[in-house]
Amino acid sequence: MNRLIKPCLLLISLLLLSDIAIAEELKLPPGMGGVPDIGAIPCDVFNKMIVVGPLGTKRLLLTWAEGYYHAKTGKTINEIIQDAEKTGQSWNFDSLTGHFVDYCAANPEALTAAAVSDLGEQLLNDSR
Amino acid sequence: MTAAVAKNNSGKSKLWKPPIVGVVTFFLMLFAIGLGHSFMVLVEHWLGQDVYIASIFIGAAAIVMLWYAIKSNNENFQTWIGFFAGLLVWMTWVEFFFMFYGRMNWGMAPRMDGADGLRVSGTYPEYMIMGATVGLLMMMMCFYTFDKDTRCNMFLWFQKKLGLQKGLGPSTKISRDRNYAIITFMETIYVTWFCYAWNLLCFDPGLVGKGDLFFAVNMATVFVAFVWSGYCFSRLIKFKRTSTALRYAIPVGNIFWISIEIATKWKLFTEIWVRPWDYKIEMSVVLGAFLLLFILLILAPKKPSEIGKGRPG
C-alpha cells in the first residue's frame with residue numbers, strides 16, 4: 001500500500017501542473033459582439049469587422065490604443081492629441097480611427113497592434 | 001388588371017383550380033423572400049451610407065401605396081399592395097433603421113464566430129437588436145390572440161383552446177367589412193418579424209450556446225418548421241381564390257424559410273440571394289420566375305368578390 005502512495009502523489013501533482021499549464025484562452029461571454037483582444041487580431045479580420053460594425057470596431061481599437069499610449073507615455077489620449085496638434089494636424093475620432101483603417105487596408109497580414117503603434121509614432125513625432 | 005379579371009372571371013378555368021393556385025402562391029412567396037434579401041443588400045451596396053436617408057422615403061412611399069390600396073374596394077389589389085407595402089416597410093423602417101442604430105449610432109461591434117472567434121458571424125448588430133424585440137412581438141401576439149375579429153386560423157385555434165370564444169363573442173365583421181390592404185400589410189410584417197425572431201433566438205450563442213443545446217434547438221426548429229409549413233401547405237393547395245391563397249402563402253413561405261436559414265447556417269448550401277452580384281444569372285432566373293408567377297396570378301380568373309363587386313365603396 002505504502003508503495004503506491006508515492007506514485008499516486010506524483011501522478012496527482014502532474015495532473016495539477018498540467019491543468020495549470022493548459023490555461024484556457026480568454027473568451028467573451030457568448031452573446032457579446034467583438035473580440036477579447038482587439039489589439040491581437042490580424043488586420044484582415046479588422047477589415048471585415050468594420051464592414052458590419054464600423055463605429056463599434058473602431059472604438060474598440062481606439063480604446064485599446066489609449067491604454068497602450070498611456071502605458072508608453074503616461075499621458076491620456078487627449079494630452080497626446082493636444083501636444084501633437086501644436087505642430088501637426090488636428091485629430092478627432094474619425095481621423096484617429098481612420099489611420100487604423102488605412103493601415104489595416106494596406107497591411108492585411110499585420111496585427112492591429114501594428115496599426116496602433118504606427119499611429120502612436122506619428123502622434124509622438126508631431127508632439128516633439 | 002380589372003379588364004383581365006372581367007374577361008376571365010367565369011370561375012371555370014381548367015388551370016386555375018386546386019392545387020395550382022396554392023402551389024403558385026407558395027413558390028411566389030419563396031422567390032419574394034429570396035429577392036427581398038437581394039433587394040436589401042443591393043440597396044445597401046448601391047447607396048452606402050445614404051441608404052438610411054433613402055429608407056425613410058422608401059418606407060413613406062410604401063405607406064402612400066398602402067393608403068391608395070385601403071381606399072380601393074378591390075380585395076385582390078388590396079392584398080398585393082398590402083403585401084408589397086409590408087415588405088418595403090419591414091426592409092426600410094425596421095431593418096435599415098435597426099442597421100443605422102446598431103452600426104452607425106450606438107456603435108455595436110459584430111458578433112464573432114468560428115473556432116478561433118475571428119470570423120464575423122451572420123448576426124450583425126441589427127439582428128442583435130432585433131433579437132431583443134421578442135417581448136414586443138409577444139405583446140402584439142397577445143393582441144391578435146385576444147382580438148375577436150382576428151381570422152387567422154392559428155389565433156382562432158388559440159382562442160378555442162383557451163376557452164375565449166364564448167367570452168369574446170361572435171366577430172363583428174364579415175369578409176366584406178374587412179380591409180385586406182391593412183390586414184395583409186400587418187400580416188406580412190408580423191409574420192416576417194416572428195420568423196426572424198425565431199431564427200435569431202435559435203442562433204443566439206448567448207441563449208443556446210454552440211454545442212449540444214444549439215444543435216438540439218436547431219434540429220427541433222427544422223422539424224417544427226417543416227411540419228408546420230407542411231401542414232399549412234396541405235391547406236394552401238386547396239385554395240381557389242388567388243387573394244386568399246396569397247395571404248395564406250405569406251406565413252407558409254416564411255415558416256418554410258426558417259429551415260432554409262438553418263440549412264445555410266449549417267453550410268448545406270450557399271445563400272445566393274445575399275450575394276446577388278456573385279450569382280447574377282441565378283438571381284436573374286429567380287427574378288424572372290417571380291415576375292412570371294406574379295403576372296400569372298394577376299391574369300388568373302377572379303371571383304367577383306375578389307375584385308370588389310358586392311363590397312362597399
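Note that these values count all heavy atoms, side chains included, but never hydrogens, waters or copies made by symmetry. Chain letters run A, B, ... following the sequence lines, proteins first and then strands; every chain starts at 1.
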Does the gap between the ring centers of [X] and [Y] come in under 6.0 Å?
X: B:Trp257; Y: B:Trp273; answer: yes
X: B:Tyr127; Y: B:Phe203; answer: no
X: B:Tyr52; Y: B:Phe100; answer: yes
X: B:Phe256; Y: B:Phe226; answer: yes

Which atoms of B:Met108 come close to chain A, meaning under 4.5 Å heavy atom to heavy atom: side chain ones, backbone ones, both, or neither?
backbone
Do any of residues 34-59 of chain A come closer than 4.5 Å to chain B, heavy atom to heavy atom, and if so which ones, in number order?
A:Gly34, A:Val35, A:Ile41, A:Pro42, A:Val45, A:Lys48, A:Met49, A:Val51, A:Val52, A:Gly53, A:Pro54, A:Leu55, A:Gly56, A:Thr57, A:Arg59
Indicate yes or no: does B:Glu44 engage B:Arg103 in a salt bridge with an N to O separation below 4.0 Å.
yes
State whether a side-chain donor-acceptor pair under 3.5 Å links B:Trp90 with B:Glu95.
yes
